[in-house]
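As structure tokens, the structure follows; a few thoughts come after it.
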Amino acid sequence: MNEFNFTRRGFLKIATTVAGGLAIGVPMPRMAEAGGHGGGAEINAWLTIDPNNIVSIVTPQTEMGQGAFTAVPMMVAEELDIPWENVRHVFADANRHVNNDNLYTTTSTGGSTTVSRRHPYMMQAGASARERLRHAAAARWGVPVDEVMAKQGMLTAGSNSGTYGEFAADAAMVTLEQEPAIKAYGDWWLLGKDVKRLDIPLKTNGTAVYAMDVTLPGMVHAATASCPVPEGRLVSYDFDAIKDMPGVIAAVELKQPKDVAAFTDMRSGVAVVAESWYQAKNALAVMPVVWDYGRGASISFESQTAEAMSLLANPGTLVLNEDGNIGRNLDRGVNHEAVRGIIDGADKVVEGEVYSRPFETHATMQPPCAVVDVKADRVDVWTFTQDIARSLNEVADQLGRDTKDVYLHQTYLGGGFGGGYNMYVHRQAAAISAEVGRPVKVIWSREEDIAQDAQRPPVWGTYKAALGDDGLPVALVTHFVGEEKMPAFSQRGVANMPYLVPNRRHEYSIVQSHIPIGYHRAPGANSNGFIVEQMVDELAQAGGWDPLEWRIKMTEGNEPWQRVLLAMKEKSGWTPELGRGEGMGCAVVESHGTIAGCVATVAVSRRGQIFVDRLQYFMNSGYTINPLNAVEQAESSAIWELSHAFFGGLDIRDGRIVNTNFDSYTMMKMPDTPPAIEVHIENSENQWWGGLGEPTGPPTPPAVANAIFYATGTRIRSTPFAKAEL
Amino acid sequence: MAITLNINGRDYSIDADPQMPLLWAIREKAGLMGTKFGCGIAQCGACTVIVDGNAVRSCNTPVATAVGKSVRTIEGVSENNDHPVQVAWQDLTVPQCGYCQSGQIMSAVALLERTPEPSDNEIDKAMAGNICRCGTYPRIRAAIHKAAEMSKT
Ligand code: FES
Ligand code: FES
């Protein structure tokens, strides 16, 4: 999976720091090549060792609680062999990146790739630094390099000893004949151990700085409204009606550059600027505004659902090729031209009903927010972003300024989950600051956030299968319906499902939609897993198979899946037959290279109240750098999707999102949290590193729905479950 | 209008309209940024502060109603990040993105001051107004029990 093959000699960039330390630039292939080999490598991060023996690691990713700022330093410290207490993480300089031919290769943070793609490069940097330090010490002490030990931040040879920091400046001058090889997998002292994330203490006393917390002298505050029906346009507004309200300074039109806004274009709207944010928000709420709603005004979730249902009544309009578009190369026996014929001629046919998932919104705990200060000689930016370079470029573009003059300062993110892409709040702040000539903080109200977020798209899906004499499927056709902007989301985890059905065909169709959409924690897999993994249970039941045995049988020979499924069977106390009103269900979904299985135990009361008593997870990500962080993320993703299973769901009427705030877009809270969430790591340990920020989410709703089926005999085919009749 | 607010034992003289939500007075006028904005309608708890011993949602509390009372924010929980709740939060690695956690901690501190050894049900009740989009609830629950345990000794 992660083979890498960079030229050993001269691949690192070595420099001396101002303070007399060692600095090493770490290369990494460009994104396009990241799946393959390391050609075209560029610097991805900087590692510095200061004379005081403190090691700092600069990485350009963002920290939103997922652990990037801890995982990357762990990889370096492992090879460098330095006490963990001596390691610091430092924010990257976006300006330097953008203006030096993308110095860090990419600053994008998503797809659970921080560890999975970057580890060989970060570890190499640590190993290279260690070797240079040994050479430097050998030269100063006049001993052979072989005699110099580097351990826990100390260099020793016989009676000689010194800290890494004392040799850092010399090490910067060392040229190695050959770069050292990194350690064999598993041969580690730090990786694989529980390490507390470095950002935790800052988050227990309120000192972690988010964009929301940045204050500049003379700063004013702005509340914004883009057209409440996406794709619509501002016609006019009446500033005179509010100009005498307390604190109000100005109204600024927010101009959309083209007829149809691209994902990160500013959308047509208006901002009110005031001394305090609540004054801006109150004034905006009462300012008369006229909109031209555009085509969206005739679209509702009901009309989209009706369109999807009529599409699903017929074969799909598009067929996915054999490979699907995601996933590792599992052997797929697809014979799609013949599939419908095989099913039509079969004795035993199972025809699924329609399953669906609605739109969901990110609702990051910090609503989108940006501070921008536009001056004649420079522009300073703090914003909600999962890609600092992209946002810097957007501000430069918005203002028509040279990127050299734009400084984007990284902050912590109050949640990301994909919501920090496709974001234009910093464009708004830049435009407003330019217009009013003062630094501006733009905060989206929660209502504006839910109305304008790049939402997770809905999906509708069904299937038809023919079963053989052994009760297992011989042919399967699926038909999924997605929306028009990112239709691939309706196929992730479908075409590349691991189940060895000998004849398969995957069709899809597209409904009209004006709602902006974007990445949302385990995109595609989150909704599609709900459908596929209940389909599996229906097929197993129709064929007389235990659902877990069915999965084991249908993935025979596939080691990573077998490992997870067998652990579920052996460790979970698996049985679909529990007492009255109780049920156990399972589901397994792969996303981001990690296979995650969930076994859910539920109880359903006579009045139809559902209690999730226990959730057990079994994850195979190949290797795990920091099991504590993996468990934290597993719990987090599980609750994320459980929240959407029982709460959540956006409704759309007359083109606008009906839900407005946390009173109408509800989510799980403490009393709804299952009493037991257990996470088991079941790694193959065979040279691949899956992502861990998202994978336990997708199997959760189908496992719970399957468990509800065993408890009640009722199958729930859409979310939120609260609406289902039990 | 000139208003005096007592926050974390210190008087702040601020110029604010009496209807200004306490949240924005704390953030914009007193400059204490640990208290967060999440919804503005008392539905998420990100803005939770303790006023005269009670956990309140500062986003819909007019600043005038806090005059003459003692307001505590996350900045006033301890000098050195070592209140039992903070220590338990660190030990059990509760925060993820961290944005909700000032509010969670204030709710937990208020709970433990009133109910030093809360049951799960009491925790559910006291914490039901605090959303964590990162889903740290199981760790929050365990950390409250741990903080209660630590405070005993
Ligand atoms: S911001 Fe006050 S409860 Fe949400
Ligand atoms: S830690 Fe992110 S919202 Fe609670």
Side-chain angles (χ1 to χ4, degrees), chain A residues 63-66 196-197 199-210 212-213 215 221 246-247 276-279 281 362-367 412-417 443 445-447 628-629 632-633 635-640 642-643 661-663 667-675 677, chain B residues 16-17 19-21 23-24 27-29 31-41 43-44 46 73-75 77-78 80-81 83 85-87 89-91 93-102 105 120-121 123-141:
Chain A
E63 178 62 64
M64 37 200 173
Q66 88 282 29
K196 288 182 187 164
R197 298 193 336 273
D199 50 321
I200 290 203
L202 299 178
K203 295 175 176 177
T204 60
N205 65 0
T207 52
V209 173
Y210 304 84
M212 182 74 80
D213 305 330
T215 303
H221 297 82
S276 169
W277 186 76
Y278 90 100
Q279 294 169 327
K281 181 183 185 269
H362 292 97
T364 50
M365 211 65 221
Q366 177 189 266
Y412 287 99
L413 262 62
F417 318 115
I443 302 172
S445 64
R446 182 60 68 189
E447 291 81 2
L628 173 61
N629 192 191
E632 291 163 8
Q633 285 300 303
E635 292 168 358
S636 169
S637 319
I639 288 175
W640 180 264
L642 202 61
S643 191
N661 200 323
F662 291 137
D663 50 351
M667 54 187 64
M668 262 182 66
K669 296 181 185 163
M670 181 69 85
D672 316 306
T673 304
I677 299 180
Chain B
D17 147 22
Q19 286 309 308
M20 180 181 210
L23 169 66
W24 300 108
R27 289 180 56 85
E28 294 177 1
K29 303 284 179 177
L32 298 170
M33 292 295 174
T35 308
K36 304 301 188 201
F37 164 69
C39 70
I41 59 162
Q43 291 289 315
C44 76
T73 68
I74 185 74
E75 289 86 354
V77 169
S78 72
N80 301 311
N81 209 357
H83 183 283
V85 168
Q86 291 170 313
V87 173
W89 248 241
Q90 292 152 16
D91 283 354
T93 64
V94 173
Q96 291 194 12
C97 84
Y99 193 80
C100 74
Q101 298 294 345
S102 297
I105 288 172
D120 276 350
N121 271 340
I123 293 176
D124 279 355
K125 242 182 162 174
M127 304 303 291
N130 290 80
I131 291 176
C132 176
R133 189 59 163 145
C134 298
T136 63
Y137 305 117
R139 282 172 193 270
I140 291 174
R141 180 192 301 284

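Note that this is a predicted model, so its numbers are computed, not measured. Each chain gets a letter, A, B and so on, in the order its sequence line appears, and its residues count up from 1. The basis for the numbers below is simple: all heavy atoms, side chains too, and nothing from hydrogens, waters or symmetry mates.
B:Gln90 and B:Asn81 form a side-chain donor-acceptor contact under 3.5 Å, judged by distance and modelled atom types alone.
For chain A, the option among B:Asp120, B:Thr35, B:Ile131 with the highest count of heavy-atom pairs below 4.5 Å is B:Ile131. Between chain A and the options B:Gly135, B:Pro95, B:Gly34, heavy-atom pairs under 4.5 Å are most frequent for B:Pro95. Ranked by heavy-atom pairs under 4.5 Å with chain B, the first of A:Ile639, A:Leu628, A:Asp213 is A:Asp213. Between chain A and the options B:Cys44, B:Cys39, B:Ala16, the largest number of non-hydrogen pairs under 4.5 Å is found for B:Cys39. Your options are A:Gly416, A:Ser636, A:Gly206, and the one with the most heavy-atom pairs under 4.5 Å with chain B is A:Ser636. The candidate from B:Arg141, B:Arg139, B:His83 with the greatest count of non-hydrogen atom pairs under 4.5 Å with chain A is B:Arg139. Ranking B:Thr136, B:Asp17, B:Val77 against chain A, the residue ahead of the rest is B:Asp17, based on heavy-atom pairs under 4.5 Å. Of the listed residues (B:Gln101, B:Lys29, B:Lys125, B:Met127), the greatest number of heavy-atom pairs within a distance under 4.5 Å of chain A belongs to B:Met127.
The closest side-chain heavy-atom distance from B:Arg27 to A:Trp277 is not below 4.5 Å. Counting only heavy atoms from C-beta outward, the side chains of B:Pro138 and A:Thr673 approach each other to under 4.5 Å. The shortest side-chain heavy-atom distance between B:Asn130 and A:Met670 does not fall under the 4.5 Å cut-off. Looking at A:Pro367 and A:Met212, their side chains come closer than 4.5 Å, going by heavy atoms from C-beta outward. Two residues are said to be in side-chain contact when any heavy atoms from C-beta on lie closer than 4.5 Å; A:Lys196 and A:Pro201 fail this criterion. Residues A:Trp640 and B:Arg133 meet the side-chain proximity criterion, which asks for heavy atoms closer than 4.5 Å. When side chains are defined from C-beta on, A:Arg446 does not count as touching B:Ile41, because their heavy atoms never get closer than 4.5 Å. Side-chain contact check for B:Ser78 versus A:Asn205: every heavy-atom pair is 4.5 Å or farther apart.
For A:Tyr278, the ring pair (Phe, Tyr, Trp, His ring centres under 6.0 Å) criterion is met by no residue, not counting sequence neighbours. Residues passing the ring pair (Phe, Tyr, Trp, His ring centres under 6.0 Å) test with A:Tyr210, sequence neighbours excluded: B:Tyr99.
Closest approach of A:Gly247 to A:Gln279, counting heavy atoms only: CA-OE1, 3.5 Å.
Both the backbone and the side chain of B:Thr93 come within contact range of chain A, each with at least one heavy atom under 4.5 Å from a heavy atom of that chain. Contacts between A:Asp199 and chain B at a heavy-atom distance below 4.5 Å involve the side chain alone, from C-beta outward. Using a 4.5 Å cut-off between heavy atoms, A:Glu63 does not touch chain B at all. Using a 4.5 Å cut-off between heavy atoms, A:Leu413 contacts chain B through its backbone alone, with no side-chain atom that close. For A:Pro246, no part lies near chain B; criterion is any non-hydrogen pair under 4.5 Å. Of the atoms belonging to B:Gln86, heavy atoms from both backbone and side chain fall under 4.5 Å from chain A. For A:His362, the part lying under 4.5 angstrom from a heavy atom of chain B is the backbone only. Contact annotation for A:Met365: both backbone and side-chain heavy atoms come within less than 4.5 Å of a heavy atom of chain B. Only the backbone of A:Ala208 comes within contact range of chain B, judged by heavy atoms closer than 4.5 Å. Heavy atoms of A:Ser276 lying under 4.5 Å from chain B belong to its backbone as well as its side chain. No part of A:Leu642 comes within reach of chain B, as not one of its non-hydrogen atoms sits under 4.5 angstrom from that chain. With a threshold of 4.5 angstrom between heavy atoms, A:Ser643 approaches chain B through side-chain atoms but not through N, CA, C or O. At a 4.5 Å heavy-atom cutoff, B:Asn121 makes no contact with chain A through either its backbone or its side chain.
For the pairing with B:Gln96, the side-chain hydrogen bond (donor to acceptor under 3.5 Å, both in side chains) check across A:Gln66, A:Glu632, A:Glu635, A:Gln633 returns one residue only, A:Gln633.
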